[in-house]
Amino acid sequence: MGEFDLIARYFSQAGAKRADTQLGIGDDGAVLQVRDGYDLVITTDTMVCGTHFFADVDPRALGHKLVAVNVSDLAAMGAEPAWLSLALTLPEVNEDWLAEFAAGLHETADYYHCQLIGGDTTRGPLSLTMIAKGLVPHGKAITRSGAKVGDYIYVTGTLGDAALGLKLVQGQHQVSKKHQGHLLQRFHYPSARVALGQALRNLASSAMDISDGLAGDLPHILRRSGVGAFIDVNRIPMSQALKDSCDQAEALQLALSGGEDYELLFTVPESRRGALDVLLSPYGVPVTCIGRITGASGKLELKAGEQAISYQHTGFVHF
Ligand SMILES: [Mg+2]
């Protein structure tokens, strides 16, 4: 068996099969059946060793994270995850590493009811590219361009945990033992807010997922929607682990600029705020209003209560 047949073996032993996959791995292309009345949503994410993860990362966690960050983009569009393809560049074939990576990938794909339907393998510096495909009822995808003046700005969950988890991994921050598990989990095993994203289809005017930090990501919505915004930093939701481990300024810095939380950031018109409270309560994910869309085009203002504050954001920039 050649080395690439070996790789194929790890990735073709797929878990959950979907009825709408007419043809999966093994041919020149996959054949997928898009449900009547639905649109196909496609997103791509690349993770490069040394840039997005460390060479000694647990391969199982890496397999999980690759799927979760792609599925998170589908969640932000209000889409239901369906199919994944993988382009894998490996410096060598290490069977133990591959088995763990594939296990993490399949586990998480199954969890989100996604099927791996193809991919490609090449030799080179370690790099992982995934393409995720999802389904959304025709015309119902939530974009970044629909925010209107007066809309309220919300986030799911808590912000800053993954960034503190990264500092913990790098040995740059002391954290009490009782909080370490939570922070490492948030960094290595992010959750994609899939059910909540679908629930937002008829509620949110715009949405995105937070991958590069709130202060770096919200301006994407502002630019695409042609609006401005203010955020009350006192309202940004933070976990007890973050609050116990950092002083106020550092906690705020991580919550605003730390990446990889994969929470949803979305805007809701005033007329739908009541419906939002009712419809989202069964999901068990906290949703917090942190600010409002304003008319001043493109500008993001930060306030602490009523007081304006200045802030030099250092959101994660890829280039
Ligand atoms: Mg995104």
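Read the numbers this way: they start at 1 and go in the same order the structure lists the ligands and their atoms.
Of all protein N/O/S atoms, those lying under 2.8 Å from the Mg ion (ligand 1) come to 2.
E260 and K65 are joined by a salt bridge, as a carboxylate oxygen and a charged side-chain nitrogen come within less than 4.0 angstrom of each other.
For the residue pair H182/D161, the side-chain donor-acceptor check at 3.5 Å is satisfied.
No more than 12 heavy atoms of other residues, nucleotides or ligands lie within 6.0 Å of CZ in R224, so this atom counts as exposed by the packing criterion.
Contacts of V149 classified as side chain to side chain contact (heavy atoms under 4.5 Å, CB included), with partners at least two apart in sequence or in another chain: V227. For E107, the salt bridge (charged side-chain N to carboxylate O under 4.0 Å, His left out) partners at least two apart in sequence or on another chain are R60.
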Pair up each side-chain donor or acceptor in residues 130-141 with any protein partner under 3.5 Å, not counting sequence neighbours, and list the distances.
{"from": "K133", "atom 1": "NZ", "to": "S85", "atom 2": "OG", "distance (Å)": "2.6"}
{"from": "H138", "atom 1": "ND1", "to": "D39", "atom 2": "OD1", "distance (Å)": "2.8"}
{"from": "H138", "atom 1": "ND1", "to": "D39", "atom 2": "OD2", "distance (Å)": "3.2"}
{"from": "K140", "atom 1": "NZ", "to": "N202", "atom 2": "OD1", "distance (Å)": "3.1"}

